[in-house]
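Whatever order the structure lists them in is the order used to number ligands and atoms, beginning at 1. Counting begins at 1 with the first residue of the sequence.
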Amino acid sequence: MNNLSAIAVFCGSNSGGNELYADGAAQLGASFADNNIKLIYGGTHKGLMGALADALLEGKGDAHGIITQRLYDKGHLHAGLQAHEVVATMRERKGRMDELADAFIALPGGIGTLEEFMEVWTLNQLGEIQKPLGLFNVNGFYDPFMVFIDHMITERFLPPEHRHSIVVESDPQLLLKGLQQYQPTDVPKWLPIV
Ligand code: AMP
């Protein structure tokens with residue numbers, strides 16, 4: 001079993017067009033508080049990030065925000081966090097999140113969320129880190145994305161084992177269980193030429 005005392009969550013700085021997304025973010029925040037898992041995240045009060053942090057803090061959970069100077073100056077920092085860091089760039093921020101987190105979860109979001117998730121998936125694939133990662137598939141948001149991932153497999157740009165190295169769940173407890181049980185694949189990234 002993997003020790004998950006701190007998990008980094010990537011998610012939208014918008015709330016999405018359906019209340020189910022904010023409900024999902026709040027569910028995840030509450031289950032972090034219930035399971036004594038520290039939240040590492042972008043540090044803002046905006047969008048799903050705000051809904052996640054609010055629910056976690058309401059459940060007496062612990063949140064550590066890492067925000068860029070630029071976003072801090074715009075007033076985006078969530079005022080209720082137990083800890084925060086202000087860093088110079090988004091790149092630096094991702095590095096700090098990777099250092100502090102035992103695992104990663106992406107909730108629904110936009111290009112920022114996807115970029116952060118894809119980076120940690122790639123680092124795992126290349127063996128630079130070996131940390132569990134998963135998608136919280138609220139309202140089937142990631143179904144079209146997984147269809148595209150399957151297309152990468154069909155077209156031989158991705159080994160199928162690497163598809164199964166991420167946990168995709170629509171229930172927060174199952175997602176956390178999947179991350180605890182995660183085992184890194186030893187299948188190499190590079191496929192034989194056919
Ligand atoms: P997006 O999915 O495009 O809304 O981008 C969300 C991701 O980018 C989050 O996981 C954050 O790390 C980062 N991000 C974007 N906007 C903000 C913001 N206002 N405050 C903090 N982080 C942000």
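- Annotation: side chain of Met90 is in contact with side chain of Thr68 (closest heavy-atom distance under 4.5 Å).
- Inspection of the Asp102 and Asn2 side chains reveals no N or O donor paired with an N or O acceptor under 3.5 Å.
- Between Phe10 and Glu116, the shortest heavy-atom contact is CD2-OE1, 3.2 Å.
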- prompt: Between His45 and Asp54, is a side chain to side chain donor-acceptor pair (under 3.5 Å) present by the stated rule, with each step listed?
  reply: CA-CA 8 Å; His45 55 76; Asp54 287 346; over 6 Å; no

message: Would Gln69 and Asp73 count as a side chain to side chain donor-acceptor pair (under 3.5 Å) here? Give the steps.
response: CA-CA 6 Å; Gln69 185 72 54; Asp73 292 345; 3.0 Å; yes

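- Residue-level contacts of ligand 1 at the 4.0 Å heavy-atom threshold are Phe10, Cys11, Gly12, Ser13, Gly42, Thr44, Lys46, Met49, Leu71, His76, Met90, Arg93, Gly109, Gly110, Ile111, Gly112, Thr113, Glu116.
- Between Phe145 and Phe117, the ring planes lie perpendicular to each other; the angle is over 60°, past the 30° to 60° tilted range.
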